[in-house]
Every structure is written in structure tokens, then in C-alpha cells.
2 protein chains.
Amino acid sequence: MADQPEKRGVTFREIKSDLLERIAAGEWAADGIVPGEVELAAEYGCARATVNRALRDLAEDGVVERKRRAGTRILAQPVRKARFDIPISRTEIEATGARYRYALVDRAIVEAPGWLRARLALDRGARVLHLTCMHYGDGAPFQFEDRWINLSALPKAESQNFEAQGPNEWLVETVPYSDAEIAFSAIGASPDVAEHLSCDPNTPLFRIERTTWWQDVAITHVALMFRPGHRMTTRY
Amino acid sequence: MADQPEKRGVTFREIKSDLLERIAAGEWAADGIVPGEVELAAEYGCARATVNRALRDLAEDGVVERKRRAGTRILAQPVRKARFDIPISRTEIEATGARYRYALVDRAIVEAPGWLRARLALDRGARVLHLTCMHYGDGAPFQFEDRWINLSALPKAESQNFEAQGPNEWLVETVPYSDAEIAFSAIGASPDVAEHLSCDPNTPLFRIERTTWWQDVAITHVALMFRPGHRMTTRY
DNA sequence: ATTGCCTTTATGTCTAAGCATAATGGTGAT
DNA sequence: ATCACCATTATGCTTAGACATAAAGGCAAT
């Protein structure tokens, strides 16, 4: 049923898509366990590493689940995994061909409010830099940024005025590769945000919140509110 | 600078995180090109395949970009890639420990409206199945589902009444592995949706829209409106 | 100057073989 | 019966070597 006796080896892509078809056809639906790598390699007439690569790919796509010794199990209800690019606002705007403009709205050094202390695991009385900024595309409001930077983790931020360059870009340059937690949600525009985005208060806005760590110490927390009607899209 | 002369081989994970550190430290920031695989393999004292695995992983994470012959380039403004699990509502609700309940609100076979024809590339006068459903967690409204199914692509759907099983689960069983486009946005609750989600009209709701194809023919389009305050979270 | 071809080169992938590791299931002692 | 330990086994990872392929850059003919 799956026989590719090419002289040149079978590719892991071929194996992957063949396996996908066979899974979709329900070939192993019974107990949900796929034959072992050795068996599949024999069947496809290739090395085990090639089957391994195909199965590893399928596992990354969320089609199967692999556990040592237990074998490769087909997920009954595949958890499809969508991938999103998280661009910085300049890139996102310029990708549409629009002219990007940045503006600092407000800058203040304050004691971290309770909700932020909890979120970033800060000490009582920790000082944070609070920035609010606007990002425009072709002059029209695109995104409102409400950012908090942990000054004890990133004292350099205190000497930045963020008038010319947005904190997002500065942070990407300064702390480029960090861990992050990201959350998507909807929120009504507060009067202040509504003003900046030129919309009515309580207009539903798409919001991204992101908390960023570097080696387990919290660096920054940001809420990004997009102009009304913004859609974030991907294919998978 | 990077010297792991262990007797047992260096792992690709070690190489990956070491490379990340070196990239973050700006070691090759100048022209943005990382040494070739052979060179790195010599430096780490491991096989090229191991370096390859590490670099491939970094490329998948959006840290570097790899091109044949051209080498491995560090992305100046790394497009970080977040991965989201797209669960079906039953799974999502049961994962919180809540009791799941499904209800069909409405079912009708209609001519596809213009916006849907455009989106799914349907012929004029194409018939579609329009379903609206509710998903509850511990009796409380969780998600409102507004689904359209292309009957010419999936005639089997017509004989389903969807009273006991939601269309999402049925589709996952029936057309398991398909292509999809997904979009996140915010929208105000329509009076109808507000009623079902027990909230006020115009309450900001997080919305997921998904269009699904199987072999280039559109199967279904769905809009999922979540209860107020819903957050969709991931780490990366 | 432009076009087309050819060489070089770095990544992409496959093979064959081996050791590592985690989970399972059985065995034996208490 | 219970629990600690050990053997088994499927996946996870590394090695060393080879061929494939795409892209860059140079060379040559137009």
C-alpha cells in the first residue's frame, strides 16, 4: 500500500504526507498507535532516521503525540497549532506599504502598582518605567502601546528618553532573545485610549498583552491596543 | 569561547542555547552571518548534523534565516513566532475542569450570502448550511459559534442534525487534516450574541474566525465569539 | 552591458549504526 | 498485597560519511 522502491531514497516529506493520508484514512484509528519507527522504515525502505524526521514533524504539527517507549499515538482530536509572527509595529505597518510614525505620549517613573508587581514578581516598592506611545500608519492611528519596564532588571532604560525610538524597537535591540508570555483578548477603549485611536469610548479593540523575561527575571510588560477592526491573521 | 570537549557528544540543545547567547552578545552582529555548519561543528567538536539540528531549530524559532549557499543570517529584528494551540471548545472547557455542554441554537440551509461566496470562492446560488451553536462551561456561556458549511464540498453535512454533537467536533472527525486561515479580532456583541452570552450588547468580545480548505476547496467558515474577558494565552 | 553557463559552496537530506533515556511490565522480596 | 528493582523496548539523539540542490559569483559569448 505504501511502496516507493525508488533507487534514490524516499524523502521524509513523502513519508510525512503519506502517513498523514493513512492517518486520515483511519488506517490505525483503532487503538491510535502507529507502527514503530523500525517497522515503518522497513516498510518504506529507508533509514529509521528518515521515518523519525517525518514523525517528529507530525508531532510538531500536533497530529501525533510521541512518548519514549510508549510509541507514537494519533491524537484523536488533533490540537492544530497555529503559528503567529509577532512583528514589531514598525514592521507591521511598513509591510502594508504605509509610512510609519511613532510618538511618545507619556513617560513616568513610578512605583509598580500591585497588579504589575504580582505579574512580574517584583519586590514591594520596585521602580518601573511607565511609557505610553502611539504608532501611526500613514498618519492614521494604528496602535496604542502601554508599556512597563522593570528598572531593576534593565537600569539602562532609565537613561533612554524614547522620544525618537519606540520602546519595542529599543528592547528588541537591547534584550533580543527572551522568553515571553503572550495573550490575546478584546477590551473596550478607555476614554484615554479612545482619544488616541480616534474612536468612541468602549469601542471593542483587539489587545495583545505580552510579558517578557530574560533568564527568569521579568523585563517588561506591555499591552498593545489596535485600532478598531484590526485583524491578526495566519494560515496553518 | 565555546569549548565543550566532553567525551560524550554535545547535544544540539546545548549548541542551540550557546548560539543564542553568542548571538545575543552580538558576536556576529556585524554582517549578520554565522559561521558555516562545518566550522561550527569543528568548534563544538561534534558532527555537522548536530549543528544542523541546532540551526534548524533556531530558524524555526525565527531567530535566524537560512538559505542554501548563502549561509545562516541572523535576523536583525527577529520575527518571533508564537505558537497557539487551536483546541476545540469541548477540550478547552474540559481542560479547565469544567463540565462541557453543547447546544444547537439554529440550523438552516440557505443560499450563500455575498460576503461568504467571496470568501469561500463559491458559485452564485451555492447552498450552504448555516449553524449557530452555544458552548457552555459548568452551565455558564463560554462561546457562541456561527458556522457556515459548504454543502457542495461536504454533502454529508446535510444529513447531520448537529443536535447532539457540535459541528466543530463532527468536522474534525470527518475532514481531519485540512488547511486553514485563522484571524483574531475584537468585535462588539450583537444583540443576538449578547443574549446568548448573557452580556450587554456591544460588550467587546474576542473573536476567532477560521476558514478551512481541503485540497483547495473551501469546506467551512466559522466565527467564534468568546464570553467577555476571555484571554487566549501562550508562551514562546 | 547583458545574457547564459558553469563552478563553487553552504545548506538540505539520507544512510547505517550505535548509545541514551524514559516508560512499561514483570520479578522477587518483604 | 505491596513495593523496590531490573529487563525490555520504542523513541531520542549523535556520529560519520555521502550525495542533492539552490544560489552566488565569475567567465565567456553575444
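First the proteins, then the strands, lettered A, B, ... as listed; each starts at 1. Bear in mind the structure is a predicted one, so any value in this text is a computation, not a measurement.
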Report yes if at least one side-chain N or O of [X] is closer than 4.0 Å to OP1 or OP2 of [N]; otherwise report no.
X: Thr50(B); N: dC13(D); answer: no
X: Arg66(B); N: dG12(C); answer: yes
X: Arg48(A); N: dG18(C); answer: no
X: Thr72(B); N: dA10(C); answer: no

**Q.** With sequence neighbours excluded, residues passing ring pair (Phe, Tyr, Trp, His ring centres under 6.0 Å) with Phe144(B)
**A.** His196(B)
**Q.** Exercise: identify the closest heavy-atom pair between Val128(A) and Leu151(A)
**A.** C-CD1, 4.0 Å
Find the distance [X]:[atom1] to [N]:[atom2] and express it as a whole number of Å.
X: Asn52(A); N: dC14(C); atom1: CG; atom2: P; value: 12 Å
X: Glu37(A); N: dA16(C); atom1: CD; atom2: C1'; value: 14 Å
X: Arg13(A); N: dA20(D); atom1: CZ; atom2: P; value: 17 Å
X: Leu58(B); N: dT11(C); atom1: CG; atom2: P; value: 13 Å
X: Arg56(A); N: dG12(C); atom1: CZ; atom2: P; value: 14 Å
X: Leu55(B); N: dT13(C); atom1: CG; atom2: C1'; value: 15 Å
X: Leu40(B); N: dT11(C); atom1: CG; atom2: C1'; value: 13 Å
X: Arg73(A); N: dA23(C); atom1: CZ; atom2: P; value: 13 Å

Q. Can you list the residues that meet the side chain to side chain contact (heavy atoms under 4.5 Å, CB included) rule with Lys67(A), with sequence neighbours excluded?
A. Ala70(A)
Salt bridge or not for [X] and [Y], using N-O below 4.0 Å?
X: Glu169(A); Y: Arg90(A); answer: yes
X: Arg210(A); Y: Glu145(A); answer: no
X: Glu60(A); Y: Arg56(A); answer: no

(Q) Within the 4.0 Å heavy-atom criterion, would you say Arg53(A) contacts the bases, only the backbone, or no part of the nucleic acid? (A) sugar-phosphate
Q. Base, sugar-phosphate, or nothing for Ala70(A), non-hydrogen atoms under 4.0 angstrom?
A. nothing
**Q.** Along DNA chain C (nearest heavy atom to each residue), the more 5'-positioned of Phe12(A) and Lys67(A)
**A.** Phe12(A)
Pairs under 3.5 angstrom, nitrogen or oxygen only, protein versus nucleotides 3-8 of chain C, please.
from, atom 1, to, atom 2, distance (Å)
dT8(C), O2, Arg69(B), NH1, 3.4

**Q.** Check: Arg68(B) side chain, dT21(D) base, donor-acceptor under 3.5 Å
**A.** yes
Q | Exceeds 12 heavy-atom contacts within 6.0 angstrom, atom CH2 of Trp214(B) | A | no
Q | Closest listed nucleotide, where the reference is the side chain of Ala47(A) and the choices are dA16(D), dC13(D), dA16(C) | A | dA16(C)
